[in-house]
2 protein chains.
Amino acid sequence: MNKTFEKLTPWLDKAYALNCALLLFEWDDATEAPEESGELTSKAVEILSNEYYEAIINDDVKKLLKQLSKETDLNLKEKAIVKDLQKQYDSMEPIPQKEYQAYRGLIARASSIWAKAKNANDYSQFAPTLEKIIEYQKKFVDYRLKAGKLKVKPYDLLLDDFEEGFNMEKLDKFFDTLKKEIVPLLQMVTSKNDKINKDYNYRSYPIELQKEFNHGLAEHVGFDFKRGVIKESAHPFTTNLHNKDVRITTHYDEHNLESAIFSTIHESGHAMYELQISDDLTATPAGTGVSMGMHEGQSRLFENNFGRSHEFWMPLFQKLKDTYPDALKDMDLDHFILGINKSAPSLIRTESDELTYSLHIMVRYEVEKLIFENKISIDELPEAWNKKYEEYLGVTPENDAEGVLQDIHWATGSFGYFPSYALGNAIAAQIHAHLKTVMPLDKHLKDGDFQPINTYLKEHIHCFGKTKTTNEILKDMMGEEFNPQYYIDYLKNKYNTLYKDL
Amino acid sequence: MNKTFEKLTPWLDKAYALNCALLLFEWDDATEAPEESGELTSKAVEILSNEYYEAIINDDVKKLLKQLSKETDLNLKEKAIVKDLQKQYDSMEPIPQKEYQAYRGLIARASSIWAKAKNANDYSQFAPTLEKIIEYQKKFVDYRLKAGKLKVKPYDLLLDDFEEGFNMEKLDKFFDTLKKEIVPLLQMVTSKNDKINKDYNYRSYPIELQKEFNHGLAEHVGFDFKRGVIKESAHPFTTNLHNKDVRITTHYDEHNLESAIFSTIHESGHAMYELQISDDLTATPAGTGVSMGMHEGQSRLFENNFGRSHEFWMPLFQKLKDTYPDALKDMDLDHFILGINKSAPSLIRTESDELTYSLHIMVRYEVEKLIFENKISIDELPEAWNKKYEEYLGVTPENDAEGVLQDIHWATGSFGYFPSYALGNAIAAQIHAHLKTVMPLDKHLKDGDFQPINTYLKEHIHCFGKTKTTNEILKDMMGEEFNPQYYIDYLKNKYNTLYKDL
């Protein structure tokens, strides 16, 4: 180990321990903490967040990072950790600690204010909080741009936080292509989708049976219960303390068969990434997925490219029917595959299908651009949102709960995050195309044999943690950086084939 | 707030937050963490424990405590916090931090070594670890005695840690009286206990039904699910982050009806104490039960004095029968009350009945005395243990798993803790006797109305947290300090009445 790097160890250890605690509190809050515990527990969480901040942002670490920037013998792991720390440092250090703390306090309260506003279907209840969050975000970006003497646009800085190397120029192109290709495809699909009867999906599926089936499903795709937990929460998510403790949640709805199924497969995809990080990297800042986009690349690969394919369901469909013999007695596999791939423009992102999903993201991306280019006021957001839904998806929200209030992200201060979802879809399609060239992928899916798939993903993507960028991973694996054409081809091919005989 | 005391606030806040995190990790480890997570998670826990240590043991706090010892205008809360902090300080500060850390590391590993040795029924696997733990304990006591220039015996210092004001002199008297009174009573009871058929208890009680019944039972005695959680673990316990988040576990055995029932009531008693701590004290070092003995006083009061009474089961017995109509179809309430109070000498403390329980404690107390008076070697412990079981209970362990290896306490470094269990039984009997003089207790139990009982306990015991000692609480409530005669009278009266007509 590099001698200077070694001096970082106590700080890294402290940050690791505090981060584990913060993640456990987050998990507990979503899955188990009693209703009235919030206020006193969040006091503890606030203090620990502050300790975490101080473990990274302090004069000792600052000096060490300066020294380390000149070291030439760092290994890949050390380099990745220094890079990640420097990135966190650059993004946090220019922000006065008092302001950061006030912002954290605001964020700690914002989610419940948002939830209440959404329940009450009243944007005005959330608007003042949202305005403050955006003010802080703009101020923080400004601090960072000045401190780093950076010549990039404010929103580009936020985009880069979530997906290094991606900016508005690239994303504009990406979304323009998508729009051009998806909108006509969607018209074709929409004109035919009343041919697919999906009533079966909304019959009664007892939750206890769903639990059993979904646990089996997670296991089927490789989730290791010795190193993982599945539980329930209002909104499914994945969290990981380290590569021996990766947890996912799902959400059961008695009258929606596929809701839990696809969130289980989705979160299992995230989980496989974190479970397969190398032992050498886990419990360090480099020991987690490299970016949001690459993470969504894994979850979407599992959920859509694998999970909505005919091959995937061949070894599972009979088990599904046996689990719900009454509700599914008239179903055959072909009908089920059409059902789980039925596409139709809708209002809610999380319920949207594979084809329309990226259009939902496009709306958010464009609204966020307007926000950070100071071209829109808080009061104008709902209308802008609704107009874009009308334009891209042909549907108009009837109220704010199904419009601008639908996502929690802004309440958590996550601006620049949404595009990662669309990038994830494209990355998944690119990996999927590649897998087909290096292994008999469809045969493995038909056999229900995820072992060779997961091993390949581990060795070419997962194990590296943050020691490679998204583009480096793709390039090293398949000789080509990020290329959204795979996604377009995948969607065209998939929907043209599926809807051909309808 | 006192100005000097105010300066303690950041340290208290930090200790509170870290303590919450450590308790949550402990809860998670016992109830949910995946099997293989232990090693990496315990690294985080070790770091946080160390942070907790440093939040309390540091030069700033040391100076503040010195100043505070001279302040005359501290309020009761401030006094209690300063006292508690000073106590922690006195017990930790004399111990070199390196040794303390090494000890914490040893303790972190010891429980699993103990568990393996117990499973393998092989004391020799645990003996070397136990020897090290005892060496540390003796060394630490020695440091503390020297630092405080204290003229007390080593084991008395440990006893005082768990129950202020109690020492070997007092406990010897207490246990001598118990022995004199309980042993003859036990002989009477043993001669008759084949008259009580308890086969019903070991029929099949499906765990899902048990869960439902036990949740209802916790609610019945006042457990508030808005501020609490019930889950399962191998060994039932209670933990609390603060008075709005109190969690209990129970353990279900399909073929033992009463096992979960009485552990649920027991832990609910602990939980009521923590739930009813005053809002003004919670989330501070004074905001938890005053001592182990007083805590066991609450859990035993609920479990035994209330929970094994005829009155308690009057509003519940039909519900119990309805829950298990087949298994309990031939049972009536009188038979059930005899069954849950059947007493017989046995080998395992946690499975022992109300009458023999304190004899199990006596064995441990006397063995611990031998250890800290250096009158016994590690190798001699199993034999000494077995001999005392033979002497007091008339039964001899056939192996170490049901002998000296049965309890986890020594693996966690808890020496001097066991006597609190017996004190708890006596305190429970004393509170029980008092309650009967201030309210129609039996009527409340018959009505299933815990509200007046819990309100009384809140106002006279629970709300005070650590602002009063055990003896102060008893004295203020009933004009009398700890008096074990209530316990003797309770047992005599109970068993003479129960067994009278057998």
Side-chain angles (χ1 to χ4, degrees), chain A residues 9-29 31-52 54-55 208 223-231 240-247 271 275 279 282-284 287, chain B residues 9-29 31-52 54-55 208 223-231 240-247 271 275 279 282-284 287:
Chain A
T9 310
W11 303 106
L12 295 178
D13 283 351
K14 193 173 165 183
Y16 161 67
L18 287 162
N19 190 43
C20 273
L22 291 167
L23 290 170
L24 188 62
F25 272 111
E26 203 173 284
W27 163 262
D28 187 72
D29 182 53
T31 60
E32 186 155 295
E35 200 176 317
E36 294 183 10
S37 66
E39 196 185 324
L40 285 166
T41 299
S42 64
K43 185 186 162 188
V45 168
E46 217 172 293
I47 293 165
L48 296 173
S49 301
N50 200 35
E51 289 289 316
Y52 174 76
E54 287 175 6
E208 283 308 313
F223 187 79
D224 179 358
F225 283 89
K226 285 189 180 167
R227 297 188 287 142
V229 173
I230 298 195
K231 230 168 146 183
N240 56 302
L241 304 192
H242 43 68
N243 73 355
K244 302 280 190 299
D245 191 341
V246 178
R247 305 177 182 206
L275 285 166
D279 284 344
T282 194
T284 77
Chain B
T9 310
W11 304 107
L12 294 179
D13 283 351
K14 193 173 166 184
Y16 162 67
L18 288 161
N19 190 44
C20 273
L22 291 167
L23 291 170
L24 189 62
F25 272 111
E26 203 173 284
W27 164 262
D28 186 72
D29 182 53
T31 60
E32 186 156 295
E35 201 177 317
E36 294 184 10
S37 65
E39 196 184 325
L40 285 167
T41 299
S42 64
K43 187 187 161 187
V45 169
E46 219 172 291
I47 293 165
L48 296 173
S49 301
N50 200 34
E51 289 289 317
Y52 175 75
E54 286 175 6
E208 283 308 314
F223 188 80
D224 178 357
F225 283 90
K226 285 190 181 168
R227 297 187 288 142
V229 172
I230 297 195
K231 229 169 146 182
N240 57 301
L241 304 193
H242 43 69
N243 73 355
K244 302 282 190 298
D245 191 341
V246 179
R247 305 175 182 208
L275 284 166
D279 283 344
T282 195
T284 77

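So you know, we letter chains A, B, ... as the sequences are listed, proteins then strands, and number each from 1.
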Answer key: most heavy-atom pairs under 4.5 Å with chain B among A/Lys43, A/Glu46, A/Lys226, A/Lys231 is A/Lys226
When the 4.5 angstrom heavy-atom criterion is applied to A/Leu24 and chain B, the contacting part is both
In terms of heavy-atom pairs under 4.5 Å with chain A, the winner among B/His242, B/Arg227, B/Lys244 is B/His242
Cut-off 4.5 Å, heavy atoms of chain A, and the answer for B/Leu40 is both
When the 4.5 angstrom heavy-atom criterion is applied to A/Asp28 and chain B, the contacting part is side chain
Here the gap from B/Leu48 atom CG to A/Leu48 atom CG, rounded to the nearest 0.5 Å, amounts to 7.5 Å
Turns out that what part of A/Leu18 lies under 4.5 Å from chain B's heavy atoms comes down to both
All heavy atoms of B/Ala44 vs all of A/Tyr16, minimum pair found to be CB-CE2, 3.9 Å
Between A/Pro34 and B/Gly228 the two heavy atoms that sit nearest each other are CB-N, 3.3 Å
In this structure, OG1 of A/Thr41 is separated from CG of B/Asp245 (nearest 0.5 Å) by 5.0 Å
Comparing B/Lys14, B/Glu32, B/Glu51 against chain A, the one with the most heavy-atom pairs below 4.5 Å turns out to be B/Glu32
